[in-house]
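In what follows, chains carry the letters A, B, and so on, assigned in the order in which the sequence lines appear, proteins first and then strands, with residues in each chain numbered from 1. Side-chain atoms are counted along with the backbone in the values below, which use heavy atoms only and exclude waters and symmetry mates.
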Number of protein chains: 2
Amino acid sequence: MNAALQHETLTRSVEDYLKAIYRLSPQGRAASTSEIAQRLELSPASVSGMVKRLSEQGLLEHVPYKGVQLTADGRRAALRMLRRHRLIEAYLVAFLGYTWDTVHEEAERLEHAVSDTMVERMAAVLGNPAVDPHGDPIPTSDGDIHETAGIPLSEVPAGARVEVRQVEESQPDRLRYIASLGLRPGVRFTVVDRQPFRGPITIEVAGRTHVVGSELGQVVRCAGDEDA
Amino acid sequence: MNAALQHETLTRSVEDYLKAIYRLSPQGRAASTSEIAQRLELSPASVSGMVKRLSEQGLLEHVPYKGVQLTADGRRAALRMLRRHRLIEAYLVAFLGYTWDTVHEEAERLEHAVSDTMVERMAAVLGNPAVDPHGDPIPTSDGDIHETAGIPLSEVPAGARVEVRQVEESQPDRLRYIASLGLRPGVRFTVVDRQPFRGPITIEVAGRTHVVGSELGQVVRCAGDEDA
DNA sequence: ACTCAGATTTAGGGTAGGCTAAATCTGGGA
DNA sequence: TCCCAGATTTAGCCTACCCTAAATCTGAGT
């Protein structure tokens with residue numbers, strides 16, 4: 001467990017790589033070089049180079065030409081960054097007048113700069129929230145995370161009444177659009193109609209009807225409305 | 001005025017250099033390579049190299065073997081960092097339970113990461129304070145600063161009643177010691193005795209008498225107590 | 001006016017992490 | 001089974017900063 005040592009040492013770049021790889025590996029699937037490159041907006045060649053360094057450092061497992069997976073140390077570091085990122089987002093919204101479309105960019109920089117102490121103070125004044133403003137779960141300080149992945153809106157059957165759980169989007173303009181439809185975590189709404197072949201989805205939110213594309217259907221994740 | 005462009009481009013390193021040079025140049029005196037090196041804990045050779053780059057960028061004026069001065073652009077950037085640093089310190093003390101001995105280090109990292117927007121939001125919720133927790137003046141967002149340099153405690157005549165204005169110290173242990181004497185910005189106290197040749201100074205703070213060394217006398221700056 | 005100690009700069013080298021171009025691997029379709 | 005398109009890696013290069021060691025300048029004191 002040299003992760004404690006590594007905390008002090010990890011560079012911004014490395015922290016970003018680990019976070020990206022975590023996000024790209026649902027239940028431990030391997031992430032490919034090109035996926036990582038795309039997410040970090042770097043060339044695949046650069047990613048190849050960094051991947052080699054990180055696997056030498058023991059932060060990830062690399063099978064050449066096949067992909068990478070985080071080691072326990074790598075996962076720990078990634079979850080630490082995720083906690084920071086999401087707590088910072090929650091803090092900025094709660095105390096500094098940010099809205100969910102503007103917090104991502106700020107948190108992206110702050111997550112590398114705040115101390116553990118500051119993160120925990122923010123968590124405390126927030127009352128240790130379980131989710132961030134987009135509904136994403138906040139890992140605990142000892143690295144637990146409850147992936148409460150709801151189902152994508154695009155897979156909710158027509159007629160169902162559901163609740164928004166998470167909005168997996170970071171682009172401000174898209175988030176503003178989604179907010180303008182009344183969709184945000186915790187909001188209940190009804191799926192009126194869903195066309196096949198990734199066709200448009202008709203929803204009714206707070207009495208108003210909207211038709212949205214399937215791309216949006218992918219990022220809005222919902223949970224069945226148990227108490228309806 | 002390409003300073004706006006530069007904002008986006010300045011690296012952490014450059015920001016630190018400019019801030020250090022500003023602090024080392026009271027009323028536009030030139031700062032020497034070795035002073036800068038000492039303050040930033042770098043080798044003089046490294047400073048020489050960076051100084052060359054920065055003067056090519058137009059952020060400072062360098063007369064080889066003589067020293068450097070900030071240009072208008074450089075000064076603007078330095079004051080911007082000073083504003084960030086001091087507002088962050090004030091914010092952390094006011095809202096996140098920091099004490100004046102612990103804020104410096106945190107601010108030192110955050111000042112490079114926060115956006116202008118966030119800085120102004122912090123300023124707003126703080127009510128646009130004029131000074132930070134150490135009594136140092138906070139530059140305005142358009143680069144004004146009121147250097148209210150009080151006189152060092154070591155130069156206050158015996159018998160005078162004065163008020164603490166600024167405590168020019170960033171080391172936590174020293175700040176805790178100073179706080180333990182009851183000295184902090186705004187506190188009134190009396191100089192009971194002062195020995196010559198940088199000798200010890202006897203002060204009375206809130207009815208208690210302390211003897212302090214002249215080194216401390218340099219960092220605690222005071223103002224005559226007008227309304228006594 | 002000289003000299004030399006100390007300050008400063010230059011020379012040469014290292015690491016981290018980007019990039020493009022070229023080489024190499026992999027797997028799906030003929 | 002073979003082949004080639006696309007993915008991946010390697011090779012070679014660049015920038016930003018840092019370092020130590022060596023060269024050079026400056027000015028204070030004789």
Side-chain angles (χ1 to χ4, degrees), chain A residues 5-21 24-25 29-70 74 77-78 81 108-109 111-113, chain B residues 5-21 24-25 29-70 74 77-78 81 108-109 111-113:
Chain A
L5 287 176
Q6 288 169 346
H7 272 190
E8 318 303 339
T9 325
L10 299 184
T11 64
R12 274 152 253 278
S13 242
V14 169
E15 290 176 341
D16 284 339
Y17 272 92
L18 295 175
K19 200 174 44 139
I21 293 167
L24 289 168
S25 326
R29 225 200 69 238
S32 75
T33 299
S34 51
E35 284 172 329
I36 301 168
Q38 191 172 358
R39 179 171 269 261
L40 295 176
E41 299 184 275
L42 299 173
S43 73
S46 301
V47 173
S48 252
M50 179 61 98
V51 156
K52 194 194 296 187
R53 267 171 274 156
L54 294 185
S55 45
E56 279 159 9
Q57 275 188 60
L59 291 165
L60 42 86
E61 213 87 59
H62 181 210
V63 182
Y65 295 102
K66 297 298 182 168
V68 298
Q69 280 180 275
L70 295 173
M81 295 316 293
E108 202 63 25
R109 276 175 288 102
E111 65 186 6
H112 304 295
Chain B
L5 286 176
Q6 289 169 347
H7 272 189
E8 319 301 339
T9 327
L10 299 185
T11 65
R12 274 151 253 280
S13 242
V14 169
E15 290 175 341
D16 284 337
Y17 272 91
L18 295 175
K19 200 173 44 139
I21 293 166
L24 289 168
S25 327
R29 226 201 69 237
S32 76
T33 300
S34 50
E35 284 171 328
I36 301 167
Q38 191 171 357
R39 180 171 266 262
L40 296 176
E41 298 183 277
L42 299 173
S43 73
S46 301
V47 173
S48 250
M50 180 62 100
V51 157
K52 194 194 296 186
R53 266 171 276 155
L54 295 186
S55 45
E56 279 160 10
Q57 274 188 59
L59 291 165
L60 40 86
E61 213 84 58
H62 180 211
V63 182
Y65 296 100
K66 297 297 184 167
V68 299
Q69 279 181 275
L70 295 173
M81 295 317 292
E108 203 63 22
R109 277 174 287 103
E111 65 187 6
H112 304 294

Would you say His62(A) places a side-chain N or O within less than 4.0 Å of OP1 or OP2 belonging to dT8(D)?
no
In terms of heavy-atom contacts, does CD of Glu61(B) have more than 12 from other residues, nucleotides or ligands at under 6.0 Å?
no
Rounding to an integer number of Å, can you tell me how far Ile36(A) CD1 sits from dA7(D) P?
15 Å
Assign each of Val47(A) and Pro64(B) to its nearest nucleotide of DNA chain C by heavy atoms, then name whichever residue's nucleotide is nearer the 5' end.
Pro64(B)
Nucleotide nearest Ser46(A) (side chain, heavy atoms from C-beta), chosen from dA21(C), dG18(C), dT9(C):
dG18(C)
Are side-chain heavy atoms of Arg39(B) and Ile36(B) found at a separation under 4.5 Å?
no
Length of the OH-P vector between Tyr65(B) and dG6(C), whole Å
17 Å
Write down the distance between NZ (Lys66(A)) and P (dT26(C)), rounded to a whole number of angstrom.
6 Å
Chi angles and distances behind the side-chain contact (heavy atoms from CB on, under 4.5 Å) call for Glu111(B), Asp16(B):
CA-CA 10 Å; Glu111(B) 65 187 6; Asp16(B) 284 337; 3.8 Å; yes
Could you check which of dT9(C), dG17(C), dT8(D) has an atom nearest any side-chain atom of Ser13(A)?
dG17(C)
Would you mind reading off the distance between Leu40(A) atom CG and dC19(C) atom C1', rounded to a whole angstrom?
15 Å
Would you call Tyr17(A) and Val68(A) a side-chain contact if the rule is heavy atoms closer than 4.5 Å?
no
Measure CG/Leu42(B) against C1'/dC18(D) and give the value in whole Å, please.
8 Å
Nearest to the side chain of Ser34(A), heavy atoms from C-beta on, is which of dC19(C), dA7(D), dA16(D)?
dA7(D)
Please state whether the phosphate of dA16(C), meaning OP1 or OP2, lies under 4.0 angstrom from any side-chain nitrogen or oxygen of Arg53(A).
no
Distance check: side-chain N/O of Ser48(B) vs OP1/OP2 of dT8(C), anything under 4.0 Å?
no
Residue Met50(B), side-chain atoms from C-beta onward, closest of dA21(D), dC17(D), dT8(D):
dC17(D)
Starting at atom CD of Gln57(B), determine the distance to atom P of dC17(D), rounded to an integer number of angstrom.
8 Å
Is there a side-chain polar atom (N or O) of Lys52(A) under 4.0 Å from OP1 or OP2 of dT10(D)?
yes
Output the single nucleotide from dG17(C), dC17(D), dT9(D) whose closest atom is nearest the side chain of Thr33(A).
dT9(D)
In whole Å, what is the span from the CG atom of Leu10(B) to the P atom of dC17(D)?
10 Å
Report the distance from atom CD of Gln38(B) to atom P of dA7(C), rounded to the nearest whole Å.
10 Å
From dA16(D), dT9(C), dT20(C), nucleotide with atom closest to Ser43(A) side chain
dT20(C)
Looking only at non-hydrogen atoms, find the nearest pair between Met81(A) and His112(A) and report the distance.
CE-ND1, 3.6 Å
